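As structure tokens, the structure follows; a few thoughts come after it.
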2 protein chains.
Amino acid sequence: MQNRPGRPPRITISDVSTAAGVSAATVSRVLNGTAKVDSSLVDRVHDAVRQLGYRPNAAAQGLARGEWGTIGVLVPDLANPYFPDILKAVSTVARAHGRRMMVMESDENPAAEHDLVEDLMRCCDGVLLCSPRMDRAELVELAGRKHPMVLFNRVVPGLSVPSISVDFHGGMTQVCGHVAQLGHRRAAYLSGPSASWANAERIRAFEGARAFGLEVTVVECGATSQAGYDAASAALDAGVTAILSYNDLVAFGALSRLQELGISVPADLSVVGFDDLSLDRVAHTELTTVSVSRDNLGRRGGEILEELLVTGHDADPVYLPMTLHLRKTTAPPPTI
Amino acid sequence: MQNRPGRPPRITISDVSTAAGVSAATVSRVLNGTAKVDSSLVDRVHDAVRQLGYRPNAAAQGLARGEWGTIGVLVPDLANPYFPDILKAVSTVARAHGRRMMVMESDENPAAEHDLVEDLMRCCDGVLLCSPRMDRAELVELAGRKHPMVLFNRVVPGLSVPSISVDFHGGMTQVCGHVAQLGHRRAAYLSGPSASWANAERIRAFEGARAFGLEVTVVECGATSQAGYDAASAALDAGVTAILSYNDLVAFGALSRLQELGISVPADLSVVGFDDLSLDRVAHTELTTVSVSRDNLGRRGGEILEELLVTGHDADPVYLPMTLHLRKTTAPPPTI
DNA sequence: CTGTTAGCGCGTTCAT
DNA sequence: ATGAACGCGCTAACAG
């Protein structure tokens, strides 16, 4: 942008126009294909562009066009293994539509989210809010700004904002059904981040699980394998025959602890994961879990946002069903 | 930006100025603290801002200031577990300096990198190139644009661009030393992405390893646990007593295969990882590996870029030493 | 088909 | 201390 000492002078569109002996408008037209231009001029422009190494200034373009060519993504934690696949998919979709991707993280601090989203709105055409932890009121307030926005893995009843979410409730219900069918009556749930809607949805499934004759005790845990490791014995204390987990990481952590305790899985105890983080090769343990393709999830999220940006039309809320993967960490409870 | 149908009218600085009964210049001064303003006017401005819900347009600010307030990061693969920690650290540093973070990925396609970097330069104050796969010539060409740029995990001899890299060569040398000292004479290396400088540096260490009396055979593999699993038997065919890996994922994948083959580690065979991806809790296997804090690495990378942006001064190249973690997958070779 | 003109929204002189 | 005027770099509407 403006010339700063020690940096090469910015080459602008007018530099190109004078070098090519045409008007700036013509340069713009050639570069954007906005209108037909005499081929001789086209060549001269291209030559000038090449020789000067001209690149249009994105801020100026944005200002003039009223579009930044950028989407913003907010995630609670960049280090959470759930999001890389999502970001990758969103990035791919964005790029396919000529858009860049700005990324921000709240570091699991709900209070930080509002300002971050506000900032994203100042510099992005649309915003994708992944698993936002902020409360409903804040979300409603942000939605009220009418800035293109898509909710990802967070459903807010009564808020008409395009959204895409995994059916966590249904997924956990499948898990409960599976475990109950095996004959388990009491299970523990290693709970994830307290502000997480996704976690709340999983927990909500336990009400319905009573109908299967399964009683689930919620144990505070977290989202990492270390948390799962640490919380495993507390879960055991609840006197259960099965452990359900917030995610696969937690489950593997718990498995690690159980092994140390000499408890054999699934003979003595059943363990179920969540999300299918594809760590089986690493853990060489085939974990029973439930999942949905994160690639597909991220891609569709990006597409919904893109559609919103282009047509201005809110796509219908998407609710993706999870698939149960029966593997080798669940079995009937030990017969006493 | 410009009003588009179906969206609320953009509130600009002049809306605020008329509402507050002051000039736009005053609003700007109040918001940026650029100059002293009468406190009564300050209040009126703040009130107007709040009531109108005014947010400065980032593109306009960028254009006027000659700064975007944004840094760009390019990574080869967003799904590679090495980068989340890096991105998180870089994002934190950027935010601490009031900058946003734009992220792009080349999807391990070296040919795509050049255009992506060019695009980043059009909209970012500075660029961080993580493990770029492009060839030296392209890198030199990009550096020639004098756009603030930092190289991360890629050293280009003769190119004076600020850089921060892990001493992969030294790390692998430590690995070789450790293995040789245990008495191993022949090892296999499960090789990573061919275009990766980081991989090349690891391989380069094998020349020096001959001095320890260790002969290392390079086996094509990849960067995932699946690749490690698949390549494990090929490594075995080389008739070795130890397997060295491109990263921990590969090592765990290989371990998984070895277990299937009934080969016990470290009694029959030693296995060494790389990077310490902290998967031990998941794999409940204490992998001998070598590493450097990715958090620190990312943070310093961000700081080097920040310093470059602020002072314009190239920081000296940083070369971070790796630390060897002796755990439980290495032991002397079996006595015949 | 092409050049001229007028903004896009903001920061920053320069006068006052 | 404050306002008016100009420019950042580019696109779009308007003439010709």
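Every value quoted in this text rests on a predicted model; they were computed, and no experiment measured them. By convention in this document, chain letters (A, B, ...) are assigned in the order of the sequence lines, proteins followed by strands, and residues within each chain are numbered from 1.
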| Nucleotide dC10(D), atom C1' - distance to CZ of R122(B) in whole Å | 11 Å
| Ionic contact status for E108(B) with R133(B), cut-off 4.0 Å | yes
| message | I'd like to know whether S17(B) forms a side-chain hydrogen bond (donor to acceptor under 3.5 Å, both in side chains) with S14(B), so could you lay out the CA-CA distance, the side-chain angles of the two residues, the decisive distance to 0.1 Å, and finally the verdict. | response | CA-CA 5 Å; S17(B) 72; S14(B) 79; 5.2 Å; no
| request: Grab the CD1-P distance between I11(A) and dC10(D) for me, whole Å please. | output: 10 Å
| With side chains defined as the heavy atoms from C-beta onward, is the minimum distance between E118(B) and R145(B) less than 4.5 Å? | yes
| Interatomic distance where CD1 belongs to I13(A) and P belongs to dC10(D) [whole Å] | 5 Å
| message | In this structure, how many angstroms lie between the C1' atom of dG9(D) and the CE atom of M121(B), rounded? | response | 19 Å
| query | Are the side chains of L74(A) and L120(A) in touch, meaning some heavy atoms are under 4.5 Å apart? | reply | yes
| task | For the pair R299(A) and E306(A), find out whether any cationic side-chain nitrogen is under 4.0 Å from an anionic carboxylate oxygen. | result | no
| request: In whole angstrom, give the distance that lies between atom CG of L63(B) and atom C1' of dC10(D). | output: 8 Å
| query | Whole Å only: how far is the CD atom of E67(A) from the P atom of dG9(D)? | reply | 22 Å
| query | Does a nitrogen or oxygen in the side chain of Q61(A) sit under 4.0 Å from OP1 or OP2 of dG9(D)? | reply | no
| message | Rounding to an integer number of Å, can you tell me how far N57(A) CG sits from dG9(D) P? | response | 7 Å
| query | Of all of residues 36-54 of chain B, which get a heavy atom below 4.0 angstrom from DNA chain D, listed by number? | reply | K36(B), V37(B), D38(B), L41(B)
| task | Given salt bridge (Lys or Arg N to Asp or Glu O under 4.0 Å), test E67(A) with R99(A) step by step and report yes or no. | result | CA-CA 10 Å; E67(A) 266 205 353; R99(A) 292 213 159 79; 3.6 Å; yes
| request: Can you tell me the distance, in whole Å, between the CZ atom of R65(B) and the C1' atom of dT13(C)? | output: 16 Å
| Does any residue of residues 15-30 of chain B have a heavy atom under 4.0 Å from DNA chain D, and if so, which ones, in number order? | V22(B), S23(B), A25(B), T26(B), R29(B)
| Are R50(A) and D47(A) close enough for a salt bridge, meaning some N to O gap below 4.0 Å? | yes
| request: Rounded to 10°, tell me the angle between the two end axes of the helix from dC1(C)-dG16(D) to dT16(C)-dA1(D), each built from five pairs. | output: 40°
| For E105(B), all residues meeting salt bridge (Lys or Arg N to Asp or Glu O under 4.0 Å), sequence neighbours excluded | K88(A)
| note | Those residues at least two apart in sequence (or on a different chain) that pass side chain to side chain donor-acceptor pair (under 3.5 Å) with S40(B) are D38(B)
| task | Without swapping roles, check the side chain of D119(B) against the backbone of D115(B) for a donor-acceptor pair under 3.5 Å. | result | no
| How would you list all residue pairs meeting side chain to side chain donor-acceptor pair (under 3.5 Å) that involve residues 152-165 of chain B, not counting sequence neighbours? | Y82(B)-N153(B)
